[in-house]
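Let me begin by presenting the structure, written as structure tokens, before commenting on it.
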Amino acid sequence: MRNRILAWFGGLIAFFLLLVVLLYVFRSRVLDYTIERVIAKVENKYPVDFSIGSAEFVDWNTVQLTDIALVPHGLDTLFTTGSVQARVSVGSIFRGRILFQRLEVINGYLTAVKRDDVTNFGFLFKDENEAAAEPVDTTEGRNYGKLLNRVIETAFENVPDQVDFKNLNASYVSNNREIDVKMPYLLMDDGHIDTELSIRADSIVNNMRVTGTIDPDNYRIATSLYGFDDNGIQLPYIKEKLDGEVAFDTLHLSLEDKEFRNNKLTVRGSAMVDDLIINHPKLATEDIHVTESAVDYVVTLGPDLYVIDSLTEVRVNKAKANLYASYQNKDAKIIDLKVKTEQVAANDFFESLPQGLFENLEGIRAQGQLQYDLNFHVNMDSLEQVVFNSDLDASEDFKILEWGNTDIEKINRSFSHTVYEYGEPVRTFTVGPSNNFYSPIHEISPYLRNAVLTAEDAGFYSHSGFHEEAFRQAIIKNLKEGEFARGGSTISMQLVKNVFLTRKKTIARKVEEAIIVWMIENLDLVSKNRMFEVYLNIIEWGPDVYGAKDASRFYFGKQPSELNLAEAIFLTSIIPSPKRYRASFDSQGNLRSHKSGYYRLIGGNMRRRGLISQEEYENLYPNVTLYGRARDLIVTDPDTATYIEEDTSQYEMETIDLLNF
């Protein structure tokens, strides 16, 4: 019995040894069969010629492939490589179908080419389920979600388990763009990624290291990009496309989940950027530096639909906010934006403001809590229905402990004021009694005070620095004209703009203006009378003319307390556009005819508010008598002078419409 058992085991072992020998002998045939199947599968799936020059075993379980090329029919070669070594699964040899476990690729070249609308790579993203004969539904609109879903699935489906690439090169060439990527090495093992990259996009070269993890089965990836250079990683084409610059030191980016349902793609993940630098003339005049910023995002893309879900949380340094934004363009262009924060420590809020964005607010120390809510909605086909609500609330114990770069309370005392034109200082003067051209508010004609309030900000003494209807109307006009055509400013905002800020129309300046106004009004830092007094003493009223006293003398040769109603309304009319003062007069110094409508409007509103009597309104006539310097500049020889009349009524009437009289 023992001998039989031994003989049986011996025969079994001999059988397996014979099988191994036979498989070893015929493994080349198995390899050839596998290569043929792979080539056939690729060429059946895509319109390409796929070739492998040679394939052979170099040891028991390692295959070497040479001269691999993927060439789309009638197009430029997409991929070539000189040598690939692949580790073979021993079990797959026994099954008669070789599976590669590890790839080692040396000298790979991937070249994507786009000439006009023809590419040598578009076939990779073609949806196999779409019948070529089916007509295209043009009513669906653009669906970038569908396209992105194909890109994600194609990329993840072609991720090998183990990869060791050496000298991998990729390039993209189009009619007006060229991108080169050099990768000295790329290691992928058990879901871990490690590589170095040198990317040249036109004139920008970025050198970086990339590490991370990938889970192809669940469409998950987490990567970190680290810049090697002192300038960090710079985003290309921002200057060309948006006239700006964006750079950062480190980027952590992840895709945690994706779902494609009802023709919509929803992706979830996170991103964190260290040492972010942004420069754009419409954002701020200097570089904006954010030490640390992060976002946990939920984004949905569909047919003419782009949504950032309200679950998205944005963090800038220590400050956090939930963000909702959507843009749909199916039947009409509709934009929604909502921002909401929980209560945040006031000190954390001010410390989190990006450097270079709000110069006057840097260094502020505060106590208490702040909370912000924004709700914005616009349908571009019905701009008059714009919704805009913006609320910044503070706890009862909120107060400023220490001012930073700028002492906002300087308005309460004499201070030096510098006027800027196009970013350059043109004049500096003292706002206070030591200046001979300074006028206390009680020495300024009530006619001028009331005319300015009526035209510029009728609710000045009752509101808290902002006029929501003014903002709404400003947004409507800016959207219609596609630029910052109107600011929606109250007198409080105009004062802050003149005293603390430049006149450059940037988003940062407008936000900083709003924050300073909010602090002045809500903390009662400056009285309304003092604010109005300073305003009347610094605003521009003509060529190097600033303040009510300077204006009264320049145009009429009198003190501001002596101004009559007609003179006051004229001075009010040129506040929106003081450099156009000459257009208000003909060559003989008479007010032009278009001024009569403005006089009726302002005079009528003053009468209805009880600021002037019925008799004063009835005796109001749009005419003034020029004296002094203004007369010398405006009045020319009536017999020879010609002057093309310019209708400036639009500049004068805007403010009235803005305040919804």
Please list, chain by chain and in numerical order, all residues satisfying side-chain hydrogen bond (donor to acceptor under 3.5 Å, both in side chains) with D274, sequence neighbours excluded. none

Consider only side-chain N and O atoms of S489 and K510, and report whether a donor and an acceptor are under 3.5 Å apart. yes

Which atom of L501 lies closest to which atom of R509, heavy atoms considered: CD1-O, 3.7 Å

Working to the nearest 0.5 Å, report the span between CD of E259 and CG of L265. 9.0 Å

Give me the atom names and distance for the closest heavy-atom approach of E533 to R530. OE2-NH1, 2.8 Å

Side chain of D381, backbone of A332: donor and acceptor closer than 3.5 Å? no

Check the side chains of Y372 and S390 for a donor-acceptor pair under 3.5 angstrom, ignoring hydrogens and angles. yes

Quick one: does V290's side chain get under 4.5 Å of V273's, heavy atoms only? no

So which heavy atom on R449 is nearest to which on I444, and how close? NH1-O, 2.5 Å

When you measure from the side chain of T490 to the backbone N and O of G465, does any donor-acceptor pair fall under 3.5 Å? yes

For Y617, which residues count as a ring-ring contact (aromatic ring centres under 6.0 Å, His included) partner, sequence neighbours excluded? none

Does the ring of F570 carry K595 above it, NZ/CZ under 6.0 angstrom from centre and within 45° of its axis? no

Taking the side chain from N360 and the backbone from F500, do they hold a donor-acceptor pair closer than 3.5 Å? yes

Set of residues satisfying side-chain hydrogen bond (donor to acceptor under 3.5 Å, both in side chains) with respect to T428, sequence neighbours excluded: T418

Keeping S464 on the side-chain end and E521 on the backbone end, is there a donor-acceptor pair under 3.5 Å? no

Got a second to check how far N347's CG is from L370's CG, nearest 0.5 Å? 10.0 Å

With a 4.5 Å cut-off on side-chain heavy atoms, are K340 and Y324 touching? no

Just one of L374, N375, I308 clears the side-chain contact (heavy atoms from CB on, under 4.5 Å) bar with L337, so which one? L374

If the condition is ring-ring contact (aromatic ring centres under 6.0 Å, His included), which residues does W518 pass it with, not counting sequence neighbours? F398

Whether over 12 other heavy atoms sit under 6.0 Å from F376 CZ: yes

Side-chain donor-acceptor pair present, D309, Y297, cut-off under 3.5 Å: no

Classify the side-chain pair S395/Q343 by whether it contains a donor and acceptor separated by less than 3.5 Å. no

Are L353 and I364 close enough that some pair of their side-chain heavy atoms sits under 4.5 Å apart? no

I'd like to know if the side chain of N143 reaches the main chain of N263, judged simply by a donor and an acceptor atom lying under 3.5 Å from each other, with no hydrogens or angles considered. yes

Heavy atoms only: give me the nearest I602-T454 pair and the separation to one decimal. O-CG2, 4.3 Å

Which residues share a ring-ring contact (aromatic ring centres under 6.0 Å, His included) with Y581, sequence neighbours left out: none

For residues 390-406, which residue pairs pass the salt bridge (Lys or Arg N to Asp or Glu O under 4.0 Å) check, not counting sequence neighbours? R365-E402

With distance as the sole test, does N605 use its side chain to make a donor-acceptor pair with the main-chain N or O of L601 at under 3.5 Å? yes

Check the angle between the aromatic planes of F460 and H463 and answer parallel, tilted or perpendicular using the 30° and 60° thresholds. perpendicular

Under the ring-ring contact (aromatic ring centres under 6.0 Å, His included) test, residues paired with F429 that sit two or more places apart: H417

Contacts satisfying salt bridge (Lys or Arg N to Asp or Glu O under 4.0 Å) that involve residues 342-358 (not counting sequence neighbours) are K318-D348, K318-E351

In Å, rounded to the nearest 0.5 Å, how long is the span from CD1 of I335 to OG of S326? 9.0 Å

With Q355, which residues qualify under side-chain hydrogen bond (donor to acceptor under 3.5 Å, both in side chains), at least two apart? none

Would you say F349 and T341 make side-chain contact, with heavy atoms under 4.5 Å? no

Could you walk me through whether E540 and K579 pass the salt bridge (Lys or Arg N to Asp or Glu O under 4.0 Å) test, one step at a time? CA-CA 9 Å; E540 183 180 8; K579 295 190 184 314; 2.9 Å; yes

Any H377 side-chain heavy atom under 4.5 Å of I334 side chain: yes

Output, in order, the C-alpha distance, side-chain angles, deciding distance and verdict of salt bridge (Lys or Arg N to Asp or Glu O under 4.0 Å) for E292 and R315. CA-CA 8 Å; E292 184 178 299; R315 177 169 61 85; 2.6 Å; yes

Heavy-atom closest pair, residues S352 and A319: OG-N, 3.2 Å

Residues two or more places apart in sequence or in another chain: which of them pass side chain to side chain contact (heavy atoms under 4.5 Å, CB included) with E359? N405

Test log, rule side-chain contact (heavy atoms from CB on, under 4.5 Å), inputs N529 and Y461: CA-CA 9 Å; N529 272 347; Y461 279 94; 2.7 Å; yes

Find out whether S492 and K528 are in side-chain contact, i.e. whether some heavy atom of one side chain is under 4.5 Å from a heavy atom of the other. yes

Check the pair K330 / L305 against side-chain contact (heavy atoms from CB on, under 4.5 Å), numbers first and verdict last. CA-CA 8 Å; K330 187 175 182 180; L305 176 68; over 6 Å; no

Answer whether the closest heavy-atom distance between the side chains of Y219 and V267 falls below 4.5 Å. no

Can you see which heavy atom on L357 is nearest to which on E512, and at what distance? O-OE1, 4.2 Å

Would F415 and D407 count as a side-chain contact (heavy atoms from CB on, under 4.5 Å) here? Give the steps. CA-CA 11 Å; F415 63 93; D407 180 4; over 6 Å; no

Using modelled atom types and a 3.5 Å cut-off, is there a donor and acceptor pairing between side-chain atoms of T266 and backbone atoms of T300? no

Name all residues meeting the side-chain hydrogen bond (donor to acceptor under 3.5 Å, both in side chains) criterion together with S445; count only those two or more places apart in sequence or in a different chain, and write none if there are none. none

Decide yes or no for Y306 and N329: does some side-chain heavy atom of the first lie under 4.5 Å from some side-chain heavy atom of the second? no

Is there a donor-acceptor pair under 3.5 Å between the side chain of W541 and the backbone N or O of D550? no

Provide the full list of salt bridge (Lys or Arg N to Asp or Glu O under 4.0 Å) pairs with a residue in residues 233-249, sequence neighbours left out, each pair given once. R177-E240, K239-D243

Is atom NZ of K320 surrounded by more than 12 heavy atoms (other residues, nucleotides or ligands) closer than 6.0 Å? no

Quick one, M531 with I520, criterion side-chain contact (heavy atoms from CB on, under 4.5 Å). Give me CA distance, side-chain angles, the key distance, then yes/no. CA-CA 10 Å; M531 292 172 67; I520 289 175; 3.9 Å; yes

Tell me whether the count of non-hydrogen atoms from other residues, nucleotides or ligands lying under 6.0 Å of NZ in K410 goes above 12. yes

